[in-house]
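Ligands are counted one by one from 1 in listed order, and the atoms in each one are counted from 1 as well.
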Amino acid sequence: MKLHTKIALGLVFGALVGSLTNAFFGDASWVRWVTDNVAYPVGQIFLRMLFMTVVPIVFTSITLGVAGIGDMKTLGRLGGRTFGYFLLSTLIAATIGLTLVNTIHPGGGLSPEIRDELMARFSTQGSTPSGPPDFGVSTFVNIVPRNPVQAAADMDMLALIFFSLIFGAALTLIPKETAAPVIKVLEGIGEAVIKIIDMAMKLAPYGVFALIFGITSQFGWSILQQLSLYIIVVVVGLTLHGTIGISALVKIFGRMNPVRFWRSIDAPFITAFSTSSSMATLPTSIATAESELDVQPKIAGFVLPLGATMNMNGTSLYEGVTVLFLAQVFGVHLHLGQQIVVVILAVLTAVGAAGVPGGSLPLMMLVMATVGVPPEGIAIILGADRILDMCRTTLNVCGDISASVYIDRVDREWEGLPKAQPGRHKAATAVVD
Ligand code: ASP
């Protein structure tokens, strides 16, 4: 049986067993015990095996990607297109979200009693982010790390990416024979890390089972009903952006058949859905882009780590919908100008959000505060956030991979290389097969 079929089975069985446990045994103390002492550790070991590879893979793949691209002029042109694509796809996503939330008006359907009940329940659970973070000039200054080792230790991705970009660029500017051994070592590290990911992915079916069991066995299903209209708007928005938005971008910019695209990316799709983390999915995305979609390693290594940190289509759509939904719930009227501010901030904060579960929540509070929606109101949607996080992260990752397809197409044209042939390396990869 293929690995990703096993992972999908882990997902389905985890959800089934978890939901049944929740339905029949609900609050029983042994359920909590099993979740805390069995499901949680197994899920965490799997996630940590993936996270463990993130720093080395970001550093080696970006450095090698930049060094492979070679000259600064090409790098600038590819980099400009990469950021342009990130911005465009994120903007489209946020706009879809805002249009839907304005049309369907889910906040109007939430009664004040349920609102207050949810506020009371979730603001006391300690899961509410402590408040909006500082977001200003210093956010940009901090992208330049004082100490790259510290940045790596803190998993400060933007700073690590910045250092890796500069390091890769520097390698192309020093004499070739001096750079060559460094590149060889990095290639070796990169390959070894891919092997570790291979091992981690062997654990995936069990890890995914445990993660999903942990969520569903504890999940308050009644929340789905109370927030049903809001959840439907988010999920419909994400689905629309995936099936129409990303498909159109893949066709127009990547010049690839969208059906081919979607059929090739089931491994990162499932991994993103079950881990709720773009970062944890990054290794699988790189492996899939290279092996299934024939994206050149230098392009996958350059675009995908940037994307996992900066390109979050699903998150920006989600932020737009949620801020507007909560504005409706609190009866705060946002006129067109303010809604445009929401879109812009949703796009910007999606760049700043960490690719980890719930990474965007503190930044979303910032957007709420900026347009006058009470940030503590976030408690209302927290109960449903985990499920929606799984969905938006999946779209985030699909958006990243679509960007790599586009940049690869452009690079091949400039370099006069033959077109990508998706599926050509299929048999060679263990990670996704
Ligand atoms: N979990 C998301 C991701 O990793 C970030 C977020 O929206 O919270 O892509």
Regarding R392 and D385, does a basic nitrogen lie under 4.0 Å from an acidic carboxylate oxygen? yes

Mind telling me whether F167 and F59 have parallel, tilted or perpendicular rings, with 30° and 60° as the class edges? tilted

What is the distance from atom CG of L100 to atom CG of L317, rounded to the nearest 0.5 Å? 7.5 Å

What's the shortest distance from atom 2 (C) of ligand 1 to any protein heavy atom, and which residue and atom give it? T393 OG1, 3.3 Å

Checking heavy atoms under 4.0 Å, the part of M279 that sits near ligand 1 is neither

With backbone taken as N, CA, C and O and side chain as the heavy atoms from C-beta onward, which portion of S360 lies under 4.0 Å from ligand 1: side chain, backbone, both, or neither? both

Check each atom of ligand 1 against the heavy atoms of T315 and keep those under 4.0 Å away; list them by number with element. 5 (C), 6 (C), 7 (O)

Below 3.5 angstrom, do we get any N/O pair linking G359 and ligand 1? yes

Counting each atom of ligand 1 from 1 as listed, which ones have a heavy atom of N396 under 4.0 Å away? 2 (C), 3 (C), 9 (O)

Return the orientation label for the F83 and F86 ring planes: parallel under 30°, perpendicular over 60°, tilted otherwise. perpendicular

Could you establish whether A354 and ligand 1 come within less than 4.0 Å of each other, counting only heavy atoms on the residue side? yes

State whether a side-chain donor-acceptor pair under 3.5 Å links E319 with S360. no

Whether the Y318 and N396 side chains hold a donor-acceptor pair (N or O, under 3.5 Å, no angle test) is what I'd like checked. no

Heavy atom under 4.0 Å from ligand 1: found in V397's side chain, backbone, both, or neither? neither

Nearest protein heavy atom with distance in Å, relative to atom 1 (N) of ligand 1: D389 OD1, 2.7 Å

Please check if the side chain of T63 supplies one atom and the backbone of T60 the other of a donor-acceptor pair under 3.5 Å. no

Give the atoms of ligand 1, by number and element, whose distance to some non-hydrogen atom of S276 is under 4.0 Å. 1 (N), 4 (O)

Sole residue of L229, V236, I232 in side chain to side chain contact (heavy atoms under 4.5 Å, CB included) with I104: L229

Would the distance check show the side chain of Q339 and the main-chain N or O of L334 forming a donor-acceptor pair, the cut-off being under 3.5 Å? yes

Non-hydrogen atom of A353 closer than 4.0 Å to ligand 1: no

Going by the order shown, which atoms of ligand 1 are within less than 4.0 Å of some heavy atom of S277? 4 (O)

Thinking salt bridges, do D389 and R386 make one under a 4.0 Å N-O criterion? no

Numbering the atoms of ligand 1 from 1, which are under 4.0 Å from a heavy atom of G358? 8 (O)

Does any N/O atom on G355 come nearer than 3.5 Å to any N/O atom on ligand 1? yes

min-distance protein heavy atom vs atom 4 (O) of ligand 1 -> S278 N, 2.8 Å

